[in-house]
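Quick note on labels: first sequence line is chain A, next is B, and so on, each numbered from 1.
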There are 2 protein chains.
Amino acid sequence: METKQHRRRGTGATERGTAAEPGAALGTRERIVRVTARLLQRQGYEGTGIKQIAREAGATLGSVYHFFPGGKQELAAEAIRHGDEEMADLLREGLGSAEDPAEAMVAVTALLAEGLRESDWLEGCPVTATALETLGGSPEIQRACARALANWQELVGAKLLACGFDEQDARELACTVISVLEGAELTSQVTRSDAPLRIAGRHLHRLVEAYRP
Amino acid sequence: METKQHRRRGTGATERGTAAEPGAALGTRERIVRVTARLLQRQGYEGTGIKQIAREAGATLGSVYHFFPGGKQELAAEAIRHGDEEMADLLREGLGSAEDPAEAMVAVTALLAEGLRESDWLEGCPVTATALETLGGSPEIQRACARALANWQELVGAKLLACGFDEQDARELACTVISVLEGAELTSQVTRSDAPLRIAGRHLHRLVEAYRP
DNA sequence: GTCTATAAGATGATAGAC
DNA sequence: GTCTATCATCTTATAGAC
């Protein structure tokens, strides 16, 4: 079951796509996707060039188009799906860190604030900027963004349902929770302060309490 | 006190900048700013070109650089300030439409939903996209975006203070209210439905109730 | 104030050797 | 799979006539 392979740049490396360990040597395709996800998060879709992606991923333009013949749109859609999964992981971690759903909300906002601060307030929600820029454009990217939001709402809703919340309350609260996270993250980025996220966490706590069964 | 002037395109028109009536003949500078604000709102900073701005404003490239020698950044900063004022007007209208602050929140979300639907979910918050794209870049634009958020928070906070809310509660609630509006507007745009905004309105109502003095 | 022409460089994408 | 060279187009910005 050999999965890790020799990779150096410039050799006829075999692309597998099984490596998953953080810090481990990643295949070219995976490296391209991750770099793209981070750049979309920081600069948005129009602000990110394919040449920059190739450079920062340590790949060539030819490799990018080899893995993504659909060009920038196909690559962006895949990167959005990657960001979707990253945010989902963070949500699972935060929601699982406290049994009480109201406290879990505070935990999630704290995790987001931590990540924001570590990136000097540059790496916020992985889909927001791209979603807004491509609203009138590529349906492929739009679908990936809509899917991400729905996915995150589902995670929050499941937590609330498991805590005995009414089904409609759970669904609606989940929708607002994700909206609040999006908005508070933006506000924290613009103000370069974690206060908006911390305050939002306390308010979400109170809101969830208000609907507790 | 003559203020309205002959303007046709191609004549040596005098630029005044006093016209304010909707639908009235606007000066070239004002037309450029408004078109830019709408394009930034729809496509973001990087997705909007100066040539497109000139074309849609019915002006020439030379005119754009005549009024904005600082180029795209100066123009974008001015357009963000314009969007700031537009949103502030909407907030004043919504907040003033109901004496009760909790009901006022519902009114504001309804106004936002109305505007979104009218633009086929394309024209959301006038600063979000640009703010995210320029986080690592132009300080001039960043300042305009930060100023806008602070301005809107101030309007909501003043309403709450006037209704007898504790000062810290008012300030913090105002911060979260703006974050919720930003986030719910995004969610409504991505899902092409006013449900997220309507639901957020009800939740904001409940949240404000929870802090009512 | 308005207009055209143009500079200087970046962009997404492709072709074809290796 | 990787690499380089290249195309056609677009970008921001400037110069200077009118």
How many whole angstroms separate atom [atom1] of [X] from atom [atom2] of [N]?
X: Arg55(B); N: dC10(D); atom1: CZ; atom2: P; result: 10 Å
X: Arg31(B); N: dG1(C); atom1: CZ; atom2: C1'; result: 12 Å
X: Glu30(A); N: dG1(D); atom1: CD; atom2: C1'; result: 17 Å
X: Ile50(B); N: dC3(C); atom1: CD1; atom2: P; result: 16 Å
X: Leu39(B); N: dT11(D); atom1: CG; atom2: P; result: 12 Å
X: Gln52(B); N: dT11(D); atom1: CD; atom2: C1'; result: 13 Å
X: Glu46(A); N: dG12(C); atom1: CD; atom2: P; result: 8 Å
X: Phe68(A); N: dG12(C); atom1: CZ; atom2: P; result: 15 Å

So which protein nitrogen or oxygen atoms get under 3.5 Å of nucleotides 14-18 of chain C's nitrogens or oxygens?
none

Report task. Indicate yes or no for a side-chain donor-acceptor contact from Trp121(A) to the backbone of Asp194(A) under 3.5 Å, with no hydrogens or angles considered. Result -> no

Requested in this report: Using the salt bridge (charged side-chain N to carboxylate O under 4.0 Å, His left out) rule, take Glu78(B) and Arg29(B) through it: C-alpha gap first, then chi angles, then the decisive distance, then the call.
Outcome: CA-CA 11 Å; Glu78(B) 179 77 11; Arg29(B) 199 194 117 103; 2.8 Å; yes

I'd like a table of donor-acceptor pairs (distance under 3.5 Å, sequence neighbours excluded) in which one partner is a side-chain atom from residues 67-74 of chain B, with atom names and distances.
unit_1: Lys72(B); atom_1: NZ; unit_2: Tyr45(B); atom_2: O; d: 2.9
unit_1: Lys72(B); atom_1: NZ; unit_2: Thr48(B); atom_2: O; d: 2.9
unit_1: Gln73(B); atom_1: OE1; unit_2: Ser138(B); atom_2: OG; d: 3.3
unit_1: Glu74(B); atom_1: OE1; unit_2: Gly70(B); atom_2: N; d: 2.5

Query raised in the report: Going by atom types alone, do Glu185(B) and Gln189(B) pair a side-chain donor with an acceptor below 3.5 Å?
Result: no

Considering only [options], which nucleotide approaches the side chain of [X] most closely?
X: Lys51(A); options: dT2(C), dT2(D), dT11(C); answer: dT11(C)
X: Thr28(B); options: dT2(D), dT2(C), dA13(D); answer: dT2(C)
X: His66(B); options: dT2(D), dG1(C), dC3(C); answer: dG1(C)

Requested in this report: Answer yes or no: does atom CZ of Arg202(B) have more than 12 heavy-atom neighbours from other residues, nucleotides or ligands under 6.0 Å?
Outcome: yes

Requested in this report: Could you say whether Gly47(A) or Ser63(B) is positioned toward the 5' end of DNA chain C, judged by the nucleotide with the nearest heavy atom to each?
Outcome: Ser63(B)

Can you list, pair by pair, the side-chain donor-acceptor contacts under 3.5 Å of residues 88-96 of chain B, counting residues two or more places apart and other chains?
unit_1: Asp89(B); atom_1: OD1; unit_2: Arg92(B); atom_2: NH2; d: 3.1
unit_1: Arg92(B); atom_1: NH2; unit_2: Glu85(B); atom_2: OE1; d: 3.3

Requested in this report: Answer yes or no: is there an ion pair linking Glu123(B) with Arg117(B), defined by an N-O contact shorter than 4.0 Å?
Outcome: no

